[in-house]
Amino acid sequence: PICYSFCTLLVDRTGQMAPQINEAACSVIAGALFAASWWWFADGAMTAASHDIDFNFIMWLPGLFVTLGMLGTTMLHPNDIKDDGFSEDVNKSKTVFFIAWLFIFGGLVGAVWICIQDFSGSSTTRSTNYPGVAIILQCVVMTLSTGVLWVGRGASDDGMGFG
């Protein structure tokens, strides 16, 4: 009986997951991924400190760029960019969305660049490459978090996940 009543909360009469539950679940998953991404970064920074590797502000930039991109996408709802019209509000929303994803992809490219430049190759004498890998993991997981949050926010409209 308890399992049945719990399942009826999650699923509506048509057998589909209730949109509010889907949106809440996606928000929780996105938050957990976001927290895990910064945990990987902190773990990489602590590993760098324990191996006497210089972990300067440049190492922070990819994660900060992806975080700014994520904030830019969360300012919009999927319906804001869905309209095919040429109204000024739709164009502004699409521009903000595009710039936010430029920040996200710029952060990803920066993470790979930092990892290759500072943590690989024969010229490096570092004892571990994990801090560079942690920066890439941080950016990739944060990008996944952004995607999960975006799909979850669009799921509340028609259940398809895209507004």
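These numbers come from the heavy atoms of this one structure, side chains and all, not from hydrogens, waters or symmetry mates.
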Please give me the minimum heavy-atom distance between [X] and [Y], naming the atom from each residue.
X: Ile114; Y: Pro62; answer: CD1-CG, 3.7 Å
X: Ala30; Y: Leu149; answer: CB-CB, 3.8 Å
X: Ser93; Y: Leu76; answer: O-CD1, 3.3 Å
X: Thr73; Y: Trp150; answer: O-CZ3, 3.5 Å
X: Ala48; Y: Phe55; answer: CB-CD1, 3.6 Å
X: Gly63; Y: Cys139; answer: N-SG, 3.9 Å

Would a hydrophobic clustering, with Ile, Leu, Val, Met, Phe, Trp and Tyr connected at side-chain separations under 4.5 Å, put [X] with [Y]?
X: Ile135; Y: Ile58; value: yes
X: Ile104; Y: Met75; value: yes
X: Phe119; Y: Val109; value: no
X: Leu33; Y: Trp39; value: yes
X: Leu64; Y: Leu68; value: yes

From [X] [atom1] over to [Y] [atom2], what is the distance, rounded to the nearest 0.5 angstrom?
X: Phe65; Y: Met142; atom1: CZ; atom2: CE; result: 13.0 Å
X: Ile136; Y: Trp113; atom1: CD1; atom2: CH2; result: 14.0 Å
X: Gln138; Y: Thr143; atom1: CD; atom2: OG1; result: 9.5 Å
X: Asn129; Y: Asp118; atom1: CG; atom2: CG; result: 10.5 Å

Worksheet item: Do the ring planes of Phe34 and Trp38 sit parallel (below 30°), tilted (30 to 60°) or perpendicular (above 60°)?
Response: perpendicular

Worksheet entry | Backbone of Val141 reached by a side-chain donor or acceptor of Ser145 within 3.5 Å | no

Discussion item. Using side-chain heavy atoms (C-beta onward) and a distance below 4.5 Å, is Phe103 in contact with Leu71?
Written reply: no

